[in-house]
Number of protein chains: 2
Amino acid sequence: MSTEEKIFEAAFKVFQSKGFTGARMQEIADEAGINKAMLHYFFRSKEKLFEAVFLNAFGKLAPQVNEIFNSEDPLFEKIEKFVHSYISFVMDYPFLPQFIIQEMNNNPEFVAKFLKDEKRPNPSKLLKQIETEIGLGIIKPISPKQLLLDIFAMTAFPFAAQNLVKGIINISNDEFFQLMEERKIHISEQIINAIKK
Amino acid sequence: MSTEEKIFEAAFKVFQSKGFTGARMQEIADEAGINKAMLHYFFRSKEKLFEAVFLNAFGKLAPQVNEIFNSEDPLFEKIEKFVHSYISFVMDYPFLPQFIIQEMNNNPEFVAKFLKDEKRPNPSKLLKQIETEIGLGIIKPISPKQLLLDIFAMTAFPFAAQNLVKGIINISNDEFFQLMEERKIHISEQIINAIKK
DNA sequence: ATTAAGTTTAACCATTTGGTTAACAAAGAT
DNA sequence: ATCTTTGTTAACCAAATGGTTAAACTTAAT
């Protein structure tokens, strides 16, 4: 693995657990097992390094989401596929949702930058589809945006609020992952039950 | 307003928008319009000041939640009351959910500390009630923990991921608040529809 | 009026932090 | 072989940051 890759992975790890302001360049260097000057040699500044890591993290998630949202599948199938693929993916990067949410809130300038990316999650087609299926009488009348929020919330929240959740319902890390595994079916059932006619 | 209160409110504001590591003692002092030394005079250290603010923030939310969760109301009514009261409350402190989640994740030592508090959110009675109502045939068989997660997720997520949500579904701050107002009824309907027999 | 306690300020301090530099090593190109 | 580019290191630097101090001011009790 090249030095640049080592730095990138170390930065990903450290930024994810400490956030941008909490992360230390020295810690990233140590984690990568290289000299701190190399961080600047390859990435110029903390901001640039962070940007690279963040956009990459987001870029991993968004295309998957878009592919599902923009397919020709019927709504119920899309919901099932989305929940499944999102949870499977995030179980490999359990702190990604919290990382993205946190930095989107802390660096509002960032929102604008990534929204220009073609890889941004774009739910417009899905929103129209919901309206169509309501019109066709397949699902109950419902606000498309609320439904979209429901789907995101049910899938992403447990990961984003991971430590809080573990603390409040008092479960171990293993139990948490098991619960998330079960959740793949649970969410689809729950949402589809709620909206099907 | 006393100097100590000024500091506390300023700290609340700054910690909430910048997080613990991002917050600067000088910025808090400026925000409060007082000398930085006063922060240490009244609160000893950044950690102590943060702790005071965080536990207070949490202490505002938890008792409300517990009162509803531990009442004698039937499940459907509890869900309605919780969603209503949580969203109403949080609309006054829109960054509270993100703040709590973020700091619970970034300072894991903190989790232990606040879980000892009697004011901690305690869902055990609600979890039992869900099982009981399943036994009584009022609602469909379902994992109580998953249902609890659903309720939290649907209510808290949009606030926690506020900037991301606004960006993705492309709405203004006003539209966001309107959506949250509508959400008070939407969530209860959605969940009750999903679980009622 | 004096004292004592609490409150407030400006200046200061040690450490941390992101970032730079200059020398050095490795590797390819000529 | 030598030159040039790229990669790497240790030492260094200026700014920022959390925290301290000693003196000054305010208030209320004696």
Side-chain angles (χ1 to χ4, degrees), chain A residues 1-57 95 99 102-110 113-114, chain B residues 1-57 95 99 102-110 113-114:
Chain A
M1 189 167 46
S2 75
T3 301
E4 190 172 349
E5 285 169 333
K6 280 187 214 160
I7 294 173
F8 193 89
E9 288 196 10
F12 181 68
K13 201 167 165 181
V14 175
F15 278 135
Q16 216 175 311
S17 70
K18 305 281 174 78
F20 176 73
T21 50
R24 298 288 161 244
M25 294 298 266
Q26 187 59 59
E27 191 183 347
I28 295 174
D30 293 346
E31 176 74 35
I34 49 94
N35 188 288
K36 179 166 71 88
M38 297 309 283
L39 305 193
H40 295 94
Y41 180 74
F42 285 111
F43 295 92
R44 274 180 51 92
S45 69
K46 191 185 182 187
E47 271 82 10
K48 297 271 185 201
L49 176 55
F50 176 80
E51 199 176 306
V53 167
F54 183 86
L55 291 179
N56 175 274
F95 292 98
F99 173 64
Q102 173 167 328
E103 301 307 330
M104 293 284 284
N105 280 340
N106 289 185
N107 320 323
E109 340 79 67
F110 233 75
K113 185 168 281 178
F114 107 98
Chain B
M1 190 166 46
S2 75
T3 301
E4 191 172 348
E5 285 169 332
K6 279 187 215 160
I7 294 173
F8 192 88
E9 287 196 10
F12 181 69
K13 201 168 166 182
V14 175
F15 278 135
Q16 216 174 313
S17 70
K18 305 282 175 80
F20 176 73
T21 50
R24 297 288 162 243
M25 295 297 267
Q26 188 59 59
E27 191 183 348
I28 295 173
D30 292 346
E31 176 74 35
I34 49 94
N35 189 287
K36 180 166 71 88
M38 298 309 284
L39 305 192
H40 295 95
Y41 180 74
F42 285 112
F43 294 93
R44 273 180 52 92
S45 70
K46 192 185 181 186
E47 271 82 9
K48 297 272 186 202
L49 175 55
F50 176 79
E51 198 175 307
V53 167
F54 183 86
L55 292 179
N56 176 274
F95 292 98
F99 173 64
Q102 173 168 328
E103 301 306 329
M104 293 284 284
N105 280 341
N106 288 333
N107 321 322
E109 342 79 66
F110 233 76
K113 185 167 279 176
F114 109 97

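What you see is a predicted model, and the numbers here were worked out from it, not measured in a lab. The chains referred to below are lettered A, B, ... by the order of the sequence lines, with proteins before strands, and numbering in each begins at 1.
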request  = Under the side chain to side chain donor-acceptor pair (under 3.5 Å) rule, collect the residues that match up with B:Asn56, sequence neighbours excluded.
outcome  = none
ask   = Quick one: are A:Lys6 and A:Met38 in side-chain contact, heavy atoms under 4.5 Å?
value = no
ask   = Which heavy-atom pair separates A:Phe42 from A:Glu4 by the least distance, and what is that distance?
value = CD2-OE1, 3.7 Å
ask   = NZ of A:Lys6 versus P of D:dG7: gap in Å, rounded?
value = 13 Å
message = Between P on D:dG18 and CG on B:Asp30, what's the gap in Å once rounded to a whole number?
response = 12 Å
note = Protein heavy-atom contacts under 4.0 Å, written 5' to 3' over nucleotides 5-18 of chain C as B (base), S (sugar-phosphate only) or - (none), form the string -SBBBB------SB
request  = Kindly write out the residues that satisfy side chain to side chain donor-acceptor pair (under 3.5 Å) with B:Lys13, not counting sequence neighbours, or none if the list is empty.
outcome  = B:Glu31
query = Atom CZ of A:Phe43 and atom P of C:dG19: how far apart are they, to the nearest Å?
reply = 13 Å
message = Against B:Val53, only a single residue in B:Phe12, B:Phe20, B:Phe43 fulfils side-chain contact (heavy atoms from CB on, under 4.5 Å); can you say which?
response = B:Phe12
